Each structure stands twice: as C-alpha cells, then as structure tokens.
Novice: 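This is the structure I have questions about; it appears just below.
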Amino acid sequence: MQPNTIKSRHLQIVHYPNPLLKKIAQPITEITSDIVELAERMTFMMEESNGIGLAAPQVGISLRLVVISITGKQEDARILINPVLSDLQGVSESEEGCLSLPGVYGNVKRAASCSVTAQDIDGNSFMLDAVDLAATVAQHEVDHLDGKLFIDRLSTLQHIKCRRSIKQLEKEY
Ligand code: ZN
C-alpha cells in the first residue's frame, strides 16, 4: 500500500465472497497520516454499521489494522496495529456474525481468554488481556488479517445451518 492511496479512496465494507477477505494482510511498518485517517474512518464505519469490530481487509485495505469496541461506540474503540494473539486459554462457544457476511450467524468455538499485543495509533506497544466477548472479537478480527472468516471455523452442523444465507451472498456477489 503506497502512502496517499487511502485518503482519496472511497471505503466501503466488502462482502463475502470478495477474494480480498481471503488475503493475508501486510504488517504496517510506519504509522503515516494515511494510517491514522484509515483508523478514524474505520472506527466511524464500525459504529455506523452497528459492528463491534472491523478489520482493514473488510474495507478493502490489506493491512494489519483492526478496531474493536465491545460497546459498539466510537469513544470506546481500541485501535490495534499489527495485533498478535497469545496465551489463548479455555474454550467458549458463542454466536458470531460479521459485517462482511450480512445475515449469516453461527456458533463458533474459540479460546475463552487471550492476550493481544499491538501498537496504538502513536506507535506505542501495549498488551491487553481479553476475556469473553472481548476475547471473541479480538480472535475474530485477527482472523480477518490472516484471511479467515468465522464461517471457516463452523462445525459441519453449524455450516449446514448457515448454508442458505452463505449461498445467498455468493449469488448476490
Ligand atoms: Zn468479521
């Protein structure tokens, strides 16, 4: 991604099965004003779309940047640059949805808690411990950076349950 290519770009949420969602996103090596603007716009788009997390590949930008807000509000949003998960513990299963898969909901098993190491918008490294919903969202969003969607993690039974709505998205694409 070249500098100055984000600012001029119209961002919109890309839907499955857009191949951009399958790509492994690139690390951010320098937090330019472009990156700051991208993070701000993504935070706004997340709240506008009633999401609690959004990853840059979901707006068509293949970079390792996610925003998370478990209240869905912009003021509670955390910006995570180059996030890395560690210390995944326990198992919890909860129903997930995704702004890139409108109308698709399924139960996904993930670690019940995890740590996330990332950089903030000023480039400072920090670590946060996430449990329950925050842990689910962190794992869901970091998956996006590795080209994975929650439907890739569904059990066969859950996948069958979602098949019709997934097929619908494939038809609309
Ligand atoms: Zn998602």
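Both ligands and their constituent atoms are indexed starting at 1 by order of listing. In this text the structure is predicted, and so the values were computed from the model without any measurement.
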Novice: Among the clusters formed by ILVMFWY side chains lying less than 4.5 Å apart, do I68 and I52 turn up in the same one?
Specialist: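 The answer is yes; both residues are in one hydrophobic cluster.
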
Novice: Under 3.5 Å, which donor-acceptor pairs do the side chains of residues 87-94 form with other protein atoms, sequence neighbours left out?
Specialist:
from : atom 1 : to  : atom 2 : distance (Å)
D87  : OD1    : Q89 : NE2    : 2.8

Novice: So, does R64 use its side chain to make a donor-acceptor pair with the main chain of A25 at under 3.5 Å?
Specialist: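 Yes, because the side chain of R64 sits within donor-acceptor range (under 3.5 Å) of the backbone of A25.
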
Novice: For F44, which residues count as a side-chain contact (heavy atoms from CB on, under 4.5 Å) partner, sequence neighbours excluded?
Specialist: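 Residues passing side-chain contact (heavy atoms from CB on, under 4.5 Å) with F44: E48, Q74.
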
Novice: At a cut-off of 2.8 Å, what protein N/O/S atoms sit near the Zn ion (ligand 1)?
Specialist: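 For the Zn ion (ligand 1), the protein N, O and S atoms that sit under 2.8 Å away are C98 SG, H140 NE2, H144 NE2.
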
Novice: Check this for me, if you would: do R153 and E96 make a salt bridge, where the nitrogen-to-carboxylate-oxygen distance has to be below 4.0 angstrom?
Specialist: no

Novice: According to side-chain hydrogen bond (donor to acceptor under 3.5 Å, both in side chains), does anything in residues 164-173 pair up with another residue at least two apart or in another chain? List the pairs.
Specialist: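 Qualifying pairs: Y16-E170, Q168-E172.
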
